[in-house]
Amino acid sequence: MLPACSGHLGVYAAPAYLARKGTPKHPNELIEHDCLVHISNGREETWSFQHPVTQEEIAPSVSGLLWSNNAEALMAAAVRGSGLALLPRFLVLDTVSRGELQPVLTHWPTPPLGMYLAYTSRRNQHLRVRALIDHLADALALMIKSEAPAPNATLAKAARVPVAAVA
């Protein structure tokens, strides 16, 4: 695995949800909210925050009706007003700019989100595969650095590379 880059996470909710349930001002208030929880390897991921002054880590226990291993599904549920979701910033930029989601707890930073490229051994690796890995790592790093939406055309094109072309 190759560490490609790291991104930023944030808590987001639809304006309708916040109007109905209120806006949390402290991470401990998340206990009173419907959270849309990301799971990985069958376990929920912890929502961690750092105190803006003391840097003390706070990890409230979150729960909700929807658990998923797909951040886009959680984002779609958040847009529909189902609850609060901890999501990568680059993923929600368009929905935030359209007013479909609002950032919450913006003064409480979260740990960075590590992104990795997984591939088989470098032993006997074809140069085209290495070029694809380098391109994806560069595209992800640029996307995160600019906090711009995913370069769909570039990543989609790379994802459609025929196996025969890289073998």
Side-chain angles (χ1 to χ4, degrees), residues 1-120 133 136-152 155 159:
M1 266 202 297
L2 172 72
C5 59
S6 63
H8 303 283
L9 295 169
V11 179
Y12 299 90
Y17 174 84
L18 297 174
R20 191 172 66 250
K21 295 280 198 159
T23 303
K25 303 292 185 216
H26 190 280
N28 287 337
E29 295 175 24
L30 293 173
I31 296 167
E32 303 163 7
H33 285 270
D34 300 320
C35 295
L36 308 171
V37 183
H38 190 268
I39 57 171
S40 179
N41 298 324
R43 295 186 315 249
E44 68 179 271
E45 292 185 0
T46 305
W47 291 24
S48 298
F49 302 87
Q50 289 182 336
H51 188 277
V53 176
T54 66
Q55 301 303 309
E56 174 188 359
E57 187 172 310
I58 298 170
S61 178
V62 296
S63 63
L65 298 175
L66 178 64
W67 294 31
S68 176
N69 65 353
N70 185 308
E72 289 179 338
L74 295 173
M75 180 178 69
V79 166
R80 288 175 179 79
S82 298
L84 299 162
L86 182 66
L87 298 166
R89 194 177 305 160
F90 69 86
L91 183 65
V92 299
L93 284 176
D94 287 341
T95 57
V96 169
S97 68
R98 290 190 303 265
E100 297 173 342
L101 289 178
Q102 291 180 340
V104 178
L105 298 172
T106 56
H107 298 297
W108 291 87
T110 59
L113 170 67
M115 294 188 202
Y116 302 87
L117 294 174
Y119 52 91
T120 58
I133 290 168
L136 290 174
D138 291 345
L140 284 170
L142 180 62
M143 177 181 64
I144 296 302
K145 182 178 179 182
S146 67
E147 290 291 345
N152 294 333
L155 292 179

| request: Would you name the heavy atoms of Pro111 and Leu9 that are closest together and state the gap between them? | output: O-CD1, 4.0 Å
| query | What's the shortest heavy-atom distance between Pro15 and Glu100, and which atoms? | reply | CD-O, 3.4 Å
| Around Ile58, counting heavy atoms of other residues, nucleotides and ligands shown, do more than 12 lie under 6.0 Å from its CD1? | yes
| field | Contact list for residues 45-65, test ring pair (Phe, Tyr, Trp, His ring centres under 6.0 Å), sequence neighbours left out | value | His51-Trp108
| request: Report yes if the side chains of Gln102 and Thr23 come closer than 4.5 Å at any heavy-atom pair, otherwise no. | output: no
| note | All heavy atoms of Gln55 vs all of Gln50, minimum pair found to be OE1-OE1, 3.1 Å
| note | So OG1 of Thr46 and NE2 of His38: to nearest 0.5 Å the spacing works out to 13.0 Å
| query | Are any side-chain N or O atoms of Ser68 and backbone N or O atoms of Asn70, one a donor and one an acceptor, separated by less than 3.5 Å? | reply | yes
| task | Can you see which heavy atom on Ala71 is nearest to which on Leu91, and at what distance? | result | CB-CD2, 3.7 Å
| field | Least distance between heavy atoms, Glu29 atom then Pro24 atom | value | OE1-CA, 3.2 Å
| message | Using modelled atom types and a 3.5 Å cut-off, is there a donor and acceptor pairing between side-chain atoms of Tyr12 and backbone atoms of Val96? | response | no
List the atom pairs, donor and acceptor, that lie under 3.5 Å between side-chain atoms in residues 72-87 and the rest of the protein, sequence neighbours left out.
residue, atom, partner, partner atom, Å
Arg80, NH1, Ala76, O, 3.0
Ser82, OG, Ala77, O, 3.3

| field | Residues which pass salt bridge (Lys or Arg N to Asp or Glu O under 4.0 Å) with Lys25, listed by chain and number, not counting sequence neighbours | value | none
| task | Please report the closest heavy-atom contact between Ala14 and Leu101, naming both atoms and the distance. | result | N-CD2, 3.6 Å
